[in-house]
Amino acid sequence: MKYVIIGGVAGGATAAARIRRADEGAEIVLFEKGKYISYANCGLPYYIGGTIAEREKLFVQTPTSFGGRFNIDVRVENEVIGIDTAAKSVEVRRADGSTYTERYDKLLLSPGASPVRPPLKGIETEGIFTLRNVDDTDRIKNYVTSRRIENAVVVGAGFIGLEMAENLHHVGAQVSVVEMGNHVMAPVDFSIASHVHQHLLQKGVRLYLEQSVERFEKQGGKIEVFFKSGESVVTDIVILSIGVRPETALAKAAGLRIGETGGIWVDDYLQTSASDVYAVGDAIEFPHPLTGKPWLNYLANPANRQGRIVADNMVFGNTIRYEGAIGTSIAKVFDMTVASTGLAAKRLKQFGISYASSTTHSASHAGYYPDALPLTIKLTFDPVSGKLYGAQCVGYDGVDKRIDQIALLIKRGGTVYDLQQVEHTYAPPFSSAKDPIAIAGYVAGNIISGAMPVITWRQVVDMDRSEVLFLDVRTRAEFAFGAIPGAINIPLDELRGRIDELPRNKDIHVYCAIGLRGYLALKILTGHGFTRVTNLSGGYKTYQTATAPIANAMVSAGSCCTEDIDTQREDNTKCAAGQVKTVKIDACGLQCPGPVMKIKQAIDSISEGERIEMVATDAGFSRDAQAWCNTTGNRLISNSESKGKYTVVIEKGSPKACEKAAPGGGKAKTLIMFSDDLDKALATFVLANGAAATGQKVSIFFTFWGLNVIKKTVKPKVKKDFFGRMFSLMLPSSSFRLHLSKMSMLGVGDRMMRHIMKHKGIDSLESLRQQAVDNGVEFIACQMSMDVMGVQREELLDNVTVGGVATYMERAEEANVNLFV
């Protein structure tokens, strides 16, 4: 029996070796159009970045060693250019251009996939590469080692694209990642990808999301990458990682059936539409086990499994059916690991499959054991039966073993209840008594049973908040670091004693840091008769990460002032000489609010001028460190991250000594809206919009009568005391009831002013106010004024935040203009 195999990587090489083990007397010919077979395709980026130092380690086998061990006729640089299925022969072209014909009894196609290279203007410019094989790798490696690479652009933020971004960063380049979608790593949902966004930004990678490349232009020794939006980036090298498409030209020419997704059609035995012709790997399409719909799966593990199955079917007849792949993948992105399996929520939506989801945050192992790092798991599942559809996981340690366990359950038709029943090995260095996937299973089970109705971060963003209440049950210290706009804060331990403060006639959405305290608060409320309560899935951590802005750090030569450099040198000298007393604190493994409370306690225990160095594993703590220093008068010396650990050094200061520069060189603007006169309100919003239009940060502090400017027109019913009701009767109910400071004439002048403005095409007060919101102007309502005048938070516009004098003073210190209206 003569077997001919086209393609010597992954599936092709695996099949060849398996055929030999099954049939020692078979004649096996392996054709590979390139120079190499059986190489580590997934390791190519790490060789470019220097993580894999020796090129030879990329090769699992050489043509000579593979051919000798398995008695296979390996012919590299021999490209099959035609197949005659009737004659059972293939036409082959040698490296010198000559051709010949080879007969077969059984034929296997494993041609793989080719990188997408769109026909953009300038795409053939020197310095623009794709990465798919060893030759591509050699070209890129030679390019980055033969010249100075200061900047690099990666187009496409898939797994290979991000791995290339990391490795180009390792060779010293400032890396920019350009992605047409709204998030990196297409297999995962936005909420999981947002963790990667923040990690990339922390590493100094610039992200250009929802951007499409229009053209490339050579600019001296550089390449300018132009986006369709009009922006451009100048770089030294471009890596195209837009995607791949199945290599089907040979199959099409041979008359083989091509499937609806563009891959080679195969049956359950991996046989094509032609007799004795089989196919495996990236080039084939096969039904997804969960949807039954054909799909393309560009992963090495399924290709190798297919190679083993197809070999048995070619030798022994069609005896083994291929079960299909659900798409289990993993990637290392700097210190972070991201993995997924099965169907993400966005895919389920596309297929019209009803689903529910849960998001949980755990530690990679017992929190009290050193180096417990955060781990986030998102599950998708059937809302009735609990059948698992998919899982995604992001973290720094233990991601792979959790996804691997869940992937097996999904392939076996498992449910969220199976996650609860998995018997894990347990010791503090490896896991917790309740493993993260068990916790994920318990939470999903509570969602299905109705024990914990949930709301997602995306529903929070999209909802009309006028008729709902957000209840934050974290501590006051956590709440001060940031909260969902409009939320009220009642710490969990105070909730039972303050239940009468909550309305029973509206939806209450409870949240905490990661979901656990929110669940406990939900049970307290439902136990006291509240029926319209939900818990935010994944807590504030998920909401905050998913809604965090993409802020690229733009650092240019000369941007650092001399004073900053001298201060940094002074700090380094002091530290080197041991002149600054530094207290070191380990907050690793502590969930919020642990790190927040520890930093406050530590600062209170040291003297002015002394420092604390805290290491934590909570990413939110790192983001909030600067804000905390801004509001307390302490000085942030450094803020760094390595392998999921965040190290913050803070020097204790005093409020009087706290003189900080505002972002943008102290050009922020603050306005105090004290009046509720219509004309003064108009002037305030005109000034605010003018400043905001120039890109400056603007804050308006509404105090006393100014609160009337930001009242809702239609307000919910709220409970007020006697004085609160009196103020409500005497004060304007909304901005439509404001009067002019002069010539109001019992309201006639007010109406005349609005009429003239409309006639002359001038925006109304309400329109100017909305423009301010759209321009990012910050609205802050004075808490003390609200208390005195009996104004409830629910009566104010949804985008208004509540603060006190300290909040205003922080904004004022950042500003070079402060106006009192």
Side-chain angles (χ1 to χ4, degrees), residues 460-472 479-490 501 503 506 509 511 540 543-544 547 627 668-676 678 680-682 684-685 687-689 691-692 697-718 720 724 727-728 731-738 764-812 819 821:
V460 171
V461 171
D462 295 338
M463 72 168 41
D464 178 5
R465 304 186 187 183
S466 60
E467 297 298 324
V468 303
L469 174 70
F470 286 99
L471 174 61
D472 188 322
F479 185 75
F481 273 78
I484 293 175
I488 66 169
N489 179 220
I490 302 179
E501 298 179 26
K506 61 169 55 179
H509 302 307
Y511 72 91
Y540 185 70
Y543 171 86
Q544 182 186 40
T547 58
K669 306 288 185 283
T670 62
L671 300 93
I672 299 177
M673 185 79 238
F674 181 81
S675 170
D676 62 358
L678 175 60
K680 293 179 181 178
L682 287 166
T684 299
F685 288 116
L687 292 170
N689 285 330
K697 180 180 178 181
V698 182
S699 301
I700 307 177
F701 193 74
F702 296 88
T703 182
F704 284 97
W705 319 116
L707 293 173
N708 299 320
V709 180
I710 52 174
K711 285 182 177 177
K712 293 176 180 176
T713 305
V714 179
K715 292 179 283 297
K717 291 183 179 180
V718 293
K720 294 191 176 188
F727 271 111
S728 294
L731 295 175
S733 60
S734 72
S735 62
F736 288 100
R737 299 293 183 182
L738 302 186
S764 67
L765 170 62
E766 291 71 31
S767 177
L768 290 169
R769 186 178 63 192
Q770 184 58 47
Q771 289 175 30
V773 172
D774 297 339
N775 287 331
V777 175
E778 183 182 34
F779 290 6
I780 306 171
C782 174
Q783 180 69 69
M784 184 270 289
S785 300
M786 292 171 62
D787 295 339
V788 170
M789 301 173 71
V791 176
Q792 301 294 318
R793 172 64 190 84
E794 293 87 347
E795 299 179 84
L796 303 180
L797 299 173
D798 292 333
N799 62 290
V800 174
T801 58
V802 179
V805 63
T807 303
Y808 168 72
M809 293 307 299
E810 182 196 357
R811 307 304 192 275
L819 300 177
V821 184

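All residue numbers refer to positions in the sequence shown, counting from 1. This one's a predicted model, so the numbers in the text were calculated from it and none came from an experiment.
The heavy-atom pair separating Thr713 from Ser734 by the smallest distance is CA-CB, 4.0 Å. Taking every heavy atom of both residues into account, Leu738 and Leu765 meet most closely at CD1-CD2, 3.7 Å. Heavy atoms only, all atoms of each residue included: Ser785 and Phe704 are closest at OG-N, 3.0 Å. Of all non-hydrogen atoms in Glu795 and Gln792, the two that sit nearest each other are OE2-N, 2.8 Å. Nearest approach of His509 to Met463, heavy atoms of both residues: NE2-CE, 3.5 Å.
Between the Thr801 side chain and the Phe779 main chain, a donor and an acceptor come within less than 3.5 Å of each other. Lys669 contributes no side-chain N or O that, together with a main-chain N or O of Ala688, makes up a donor-acceptor pair within less than 3.5 Å. Between the side chain of Tyr511 and the backbone N or O of Ile484 there is at least one donor-acceptor pair closer than 3.5 Å. A side-chain donor-acceptor contact under 3.5 Å links Asn689 to the backbone of Leu768. Tyr540 places a side-chain N or O within donor-acceptor distance of the main-chain N or O of Ala483, the cut-off being under 3.5 Å. Judged by distance alone, with hydrogens and angles left aside, the side-chain atoms of Arg737 form no donor-acceptor pair with the main-chain N or O of Leu731 at under 3.5 Å.
Atoms OG1 and CZ, from Thr703 and Phe674 in turn, are 6.5 Å apart once rounded to the nearest 0.5 Å. Rounding to the nearest 0.5 angstrom, the gap separating the CD1 atom in Ile700 from the CG atom in Leu671 is 5.5 Å. Atoms CD1 and CG, from Ile710 and Asp676 in turn, are 11.5 Å apart once rounded to the nearest 0.5 Å. To the nearest 0.5 Å, atom CD1 of residue Ile672 and atom CG of residue Leu819 are 9.0 Å apart.
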Check your understanding: Taking it one step at a time, do Val802 and Ile780 satisfy side-chain contact (heavy atoms from CB on, under 4.5 Å)?
Key -> CA-CA 5 Å; Val802 179; Ile780 306 171; over 6 Å; no
Exercise for review: Take Lys711 and Leu796, measure what side-chain contact (heavy atoms from CB on, under 4.5 Å) needs, and give me the verdict at the end.
Suggested key: CA-CA 4 Å; Lys711 285 182 177 177; Leu796 303 180; 4.2 Å; yes
Practice item. Test side-chain contact (heavy atoms from CB on, under 4.5 Å) on Phe701 and Thr670 and set out the steps. Key: CA-CA 8 Å; Phe701 193 74; Thr670 62; over 6 Å; no
**Study point:** side-chain contact (heavy atoms from CB on, under 4.5 Å) evaluation trace for Val800 with Arg793
**Key:** CA-CA 9 Å; Val800 174; Arg793 172 64 190 84; 4.2 Å; yes
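Test Arg769, Glu766, Met673 against Phe685 for side-chain contact (heavy atoms from CB on, under 4.5 Å) and you get one pass: Arg769.
Inter-residue side-chain proximity for Trp705 and Lys680 is flagged as unmet; no heavy-atom pair is nearer than 4.5 Å. Here the side chains of Val777 and Gln771 are not in contact, with every heavy-atom distance at 4.5 Å or above.
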